[in-house]
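Have a look at the structure below, then the notes.
Everything numeric here is computed off the predicted structure, so don't read it as measured data. Protein chains get the first letters and strands the later ones, always in sequence-line order, with residue 1 at the start of each.
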Number of protein chains: 2
Amino acid sequence: MPGRSPARSRRATERKGDVRERAILDTCEALLAQKGYDAMTVGDLAQGAGITRGALYFYFGSKQEAVTALVARTVEHLWERSRTTAQADEPRQAIAAAMQRTVDLWNEHGLVMRTAIDLSLTVPEIGELWSRTADLFITAITAVLERAGVEAGTEPEQASAMARALCWMIERSFYHASQESREELQRASSTCEHIWLISAGLVG
Amino acid sequence: MPGRSPARSRRATERKGDVRERAILDTCEALLAQKGYDAMTVGDLAQGAGITRGALYFYFGSKQEAVTALVARTVEHLWERSRTTAQADEPRQAIAAAMQRTVDLWNEHGLVMRTAIDLSLTVPEIGELWSRTADLFITAITAVLERAGVEAGTEPEQASAMARALCWMIERSFYHASQESREELQRASSTCEHIWLISAGLVG
DNA sequence: CATTAAAATCGACACTGTGTAGACTTTCGG
DNA sequence: CCGAAAGTCTACACAGTGTCGATTTTAATG
């Protein structure tokens with residue numbers, strides 16, 4: 001890997017490699033949509049980026065590494081957004097807002113997110129990224145539940161564990177729905193929101 | 001594939017191939033646990049079953065086919081059980097019983113079930129098997145919700161859609177928990193049961 | 001602007017796993 | 001006991017992977 005992780009500080013001119021690297025990730029995303037992870041070959045990736053396999057290995061050590069980088073790019077963008085978004089105070093509003101943001105997220109990045117989920121078992125790096133992302137959500141849900149009056153704590157029927165289950169519910173529902181259509185995603189969102197509200201004791 | 005699906009009727013002597021086929025599937029299950037799907041090779045499979053690769057291709061056309069057969073075997077066993085299990089009338093009891101059965105299922109077959117879920121995207125055959133299994137659960141959950149007074153119908157806040165979301169919640173929660181430990185699975189079950197009860201309006 | 005070290009690229013090679021073909025052996029019903 | 005079906009093996013052709021050393025391009029610098 002070239003000029004990677006450590007604070008890339010201010011750089012005068014953009015290295016040619018940076019452009020290529022982006023091209024590779026873009027190609028990766030496109031191929032993932034076209035043929036899926038398994039069918040996608042390192043050769044395809046290189047060809048799509050306009051270089052040979054040999055050259056591609058200069059950037060990424062394997063298909064997995066490339067996809068991991070793609071997931072990292074997407075997930076960072078996702079963290080960015082969640083950091084800069086205001087949190088509502090009133091639970092009902094907070095829930096509605098969170099669900100809407102999540103729908104947007106899946107509409108934009110559904111493909112990469114599904115890929116991340118699929119690979120989080122087999123590629124530890126991706127597993128780590130995704131689990132950190134999930135933790136963000138779980139923490140947020142926990143906070144809302146507690147503010148709505150659900151007992152705090154980590155026992156099976158307290159806020160933390162419930163938040164985890166709700167998070168998985170949303171993940172899986174969106175995973176499936178986002179494969180179908182935007183409408184389906186919207187419907188899934190409504191259902192999940194409803195269950196979340198009930199679980200928070202905000203609907204009777 | 002040799003003497004497969006169609007009613008195997010009563011057979012005088014068991015074909016040698018039937019034994020071998022079972023051996024292959026058993027080996028497959030063991031290898032899945034040891035090294036996981038990706039790392040498992042057709043050669044490993046053959047070796048584990050005491051034959052050469054060439055011979056293995058007599059039984060299954062590929063690694064995927066073998067795993068599909070393993071999933072089919074497990075899932076059939078699962079359907080069998082759900083068919084012969086009595087359904088309780090009282091919703092609270094029905095929910096508790098269903099959750100307990102599901103815990104048992106995951107304790108026994110967690111590995112294969114996780115594999116099935118992972119591969120249901122990439123292997124259409126497995127996707128079909130698993131989606132049919134999920135439908136069984138969704139139907140059952142729907143019935144319980146309706147008996148508990150949740151409005152019937154397929155709109156996002158009616159029984160059917162809610163059942164689907166709850167099913168995904170359980171699937172995903174169990175998927176993760178069953179990787180950890182039996183205790184974790186039991187705790188996840190409690191949490192899911194709690195949310196199911198609340199969603200059915202039976203607690204609160 | 002000539003130099004030069006780093007960055008980027010290429011083609012060829014060795015390796016591993018897949019799936020197929022054809023020949024050989026075992027099993028077992030008639 | 002004989003012949004067909006069932007089961008097995010070895011050998012091969014092929015795909016994709018990852019590595020290596022040689023070569024070309026880039027861009028900072030004196």
Looking only at non-hydrogen atoms, find the nearest pair between A:Leu45 and A:Thr27 and report the distance. O-CG2, 3.8 Å

Can you give me the closest heavy-atom contact between A:Glu29 and A:Leu111, atom names plus distance? O-CD2, 3.4 Å

Sugar-phosphate or base contact per nucleotide [nucleotides 15-26 of chain C; S, B, -; heavy atom under 4.0 Å]: --SBBB------

Using a strict heavy-atom distance below 4.0 Å, which residues from residues 27-35 of chain B are in contact with DNA chain D? none

Measuring only between side-chain heavy atoms, which start at C-beta, is A:Ser189 closer than 4.5 Å to A:Leu185? no

Measuring only between side-chain heavy atoms, which start at C-beta, is A:Tyr37 closer than 4.5 Å to A:Gln64? yes

For the pair made of CZ in A:Arg20 and C1' in D:dT25, what is the distance, rounded to whole Å? 12 Å

Between C:dT27 atom P and B:Asp18 atom CG, what is the distance in whole Å? 15 Å

Of the candidate nucleotides D:dT8, D:dA28, C:dT9, which contains the atom at the shortest distance from the side chain of B:Ile51? D:dT8

Between C:dG11, C:dA7, D:dG7, which nucleotide has the shortest distance from any of its atoms to the side chain of A:Phe58? C:dA7

Paired to D:dA15 by Watson-Crick or G-U wobble criteria (both distances under 3.5 Å) is none

Report the base-pairing partner of C:dT16 (Watson-Crick or G-U wobble, both distances below 3.5 angstrom), or none. none

Residue pair B:Arg164 / A:Thr191, side-chain donor-acceptor N/O under 3.5 Å: no

Using a 6.0 Å cut-off, check whether atom CD of B:Gln47 has over 12 heavy atoms from anything other than its own residue. no

For A:Arg182, does the CZ atom have more than 12 heavy-atom neighbours from other residues, nucleotides or ligands under 6.0 Å away? no

Quick check against the 3.5 Å criterion: does B:Ser173 have a side-chain atom that pairs as donor or acceptor with the backbone of B:Ile170? no

